[in-house]
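For reference, the structure discussed in these notes is given below.
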There are 2 protein chains.
Amino acid sequence: MSGDHWVPPPVLLTVDLVILTLRESCLHALLIERGIEPHQGALALPGGFLGHEKEDLMMAAHRELAEEAGLGPDQLHLEQLGVYGAPDRDPRGRVVSVAYLAIAPRLPEPVAGTDASQACWTPVEQALSVDSQLAFDHEQILTDGVDRAREKLERSALATAFCGPTFTISELQDVYEAVWGVPLDARNFYRKVQSVDGFIVPAGPSRKTDGGRPARLFRPGPRTTLHPPMMRPLSEADRETA
Amino acid sequence: MSGDHWVPPPVLLTVDLVILTLRESCLHALLIERGIEPHQGALALPGGFLGHEKEDLMMAAHRELAEEAGLGPDQLHLEQLGVYGAPDRDPRGRVVSVAYLAIAPRLPEPVAGTDASQACWTPVEQALSVDSQLAFDHEQILTDGVDRAREKLERSALATAFCGPTFTISELQDVYEAVWGVPLDARNFYRKVQSVDGFIVPAGPSRKTDGGRPARLFRPGPRTTLHPPMMRPLSEADRETA
DNA sequence: TAGACTTACTGTCACTCTGACAGGAAGACC
DNA sequence: GGTCTTCCTGTCAGAGTGACAGTAAGTCTA
């Protein structure tokens, strides 16, 4: 505050998206192959610069969601994940990224032929493996997004966002098992899910078959927070003990 | 992507701080009275613009923490809270704020005579009441910060950040009661806290008195996450049921 | 020095929730 | 009609929680 007309340094804002969905009982994220420098040819999260001076951040996220993934704002969970603003994260200068986490139900087909040169659903395990180098700090952002989803499955009804408008309890269990990466006991899962009032509500007498006994259909209930939380079997908790 | 030399709109970045502490068993936040326009004279969260082009975001938070609150980086929890970037939140133009949540142990005295015209610890209940109008969207940021602290007390060892290097179990219970705003049973609290391995560890045979029987001293343990979580009596959970 | 008082701490008991099993119900396929 | 698959309902022991009583170890007061 020494000078009177000191001007703060301007920065450029990007919005990056961690879009998660389930495909064949496996957690996938949408990645694009970058068509321009920097990191041309590398895999990256979909995203882009703020459109104009007056664009709201979440509106920008919705816009990118539509442009790069063909996803409308309906039936889609979208929440802010965090800011990533290390000074050297982008060689073009000071670019700060606002990351959003989107949860989408299973979609017809991988989107392509849109703005991004190529968009493909990639298993997160593969995307986070050592040999797949993501652009910028997108590996960190993706890791944080998956962690956030794992945590929110414990205490919120977020899991239903992975499903369509109606779903069976088995499908919901698939979500938990895929995101957490651990098997769950179906019987205890049935009991728990049905005991939490307002989590899922029956969706008519309709049923759909898949080889065995037809399953009842449910749809998301009004409850958004789970008390008590859904318990996740500890696998990483013990290494934090030491 | 119609033009080849389209330039993204630059924005200005501020770092705002929600600094929480306990004073007389009551949750307080540090607020300053703004000395300049806009919102001159109104109460606001401490914060300021990014210092220079190469400044890291968390470093900027630490800098503001030192300038406006006199708090060093030691013995202080600091984490990112979120981004607040509504287009009309600042009349000066497009100013996007990165909010950080800081938890500080009880400090000697309210800081003043530093950069800000006036800094004072304010009970959060009072700061969030209708008659105290905070500048910008700082009421929302403060609300989010308090909510974040409430949630993290359930599943992490964050409560120890409110205490000094050593503390008694009663002091720790004070933290939970003040942040959650509900009374807890001391006996159950003792049992729970001591049963979670690595949460708190005895700090020597020393004791300090406060009128009654001397209490054992503890210090934070290596455990950062609590499994199973500390249970919060439901008060707002039932209104989410409807 | 013997209370009274304050705070710290240890147990106990009933209840709920969870994890780990077995077994029946309802369709499709052969 | 059997067999397969998937869906769904119970049962039981152990862990964890909420509610409550009682003891321990200091200070203060008379």
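Order of the sequence lines sets the chain letters (A, B, ...), proteins ahead of strands, with each chain counted from 1.
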Under 4.5 Å between any side-chain heavy atoms of [X] and [Y], yes or no?
X	Y	value
A:Phe167	A:Pro220	yes
A:Ile169	A:Gln194	yes
A:Arg106	A:Leu22	no
A:Met230	A:Leu153	no
A:Phe199	A:Leu172	yes

Rounding to an integer number of Å, can you tell me how far [X] [atom1] sits from [N] [atom2]?
X	N	atom1	atom2	result
A:Tyr176	C:dT18	OH	P	12 Å
A:Leu184	C:dC21	CG	P	15 Å
B:Phe167	C:dT7	CZ	C1'	18 Å

Sugar-phosphate or base contact per nucleotide [nucleotides 4-17 of chain D; S, B, -; heavy atom under 4.0 Å]: -BBBSBB------B
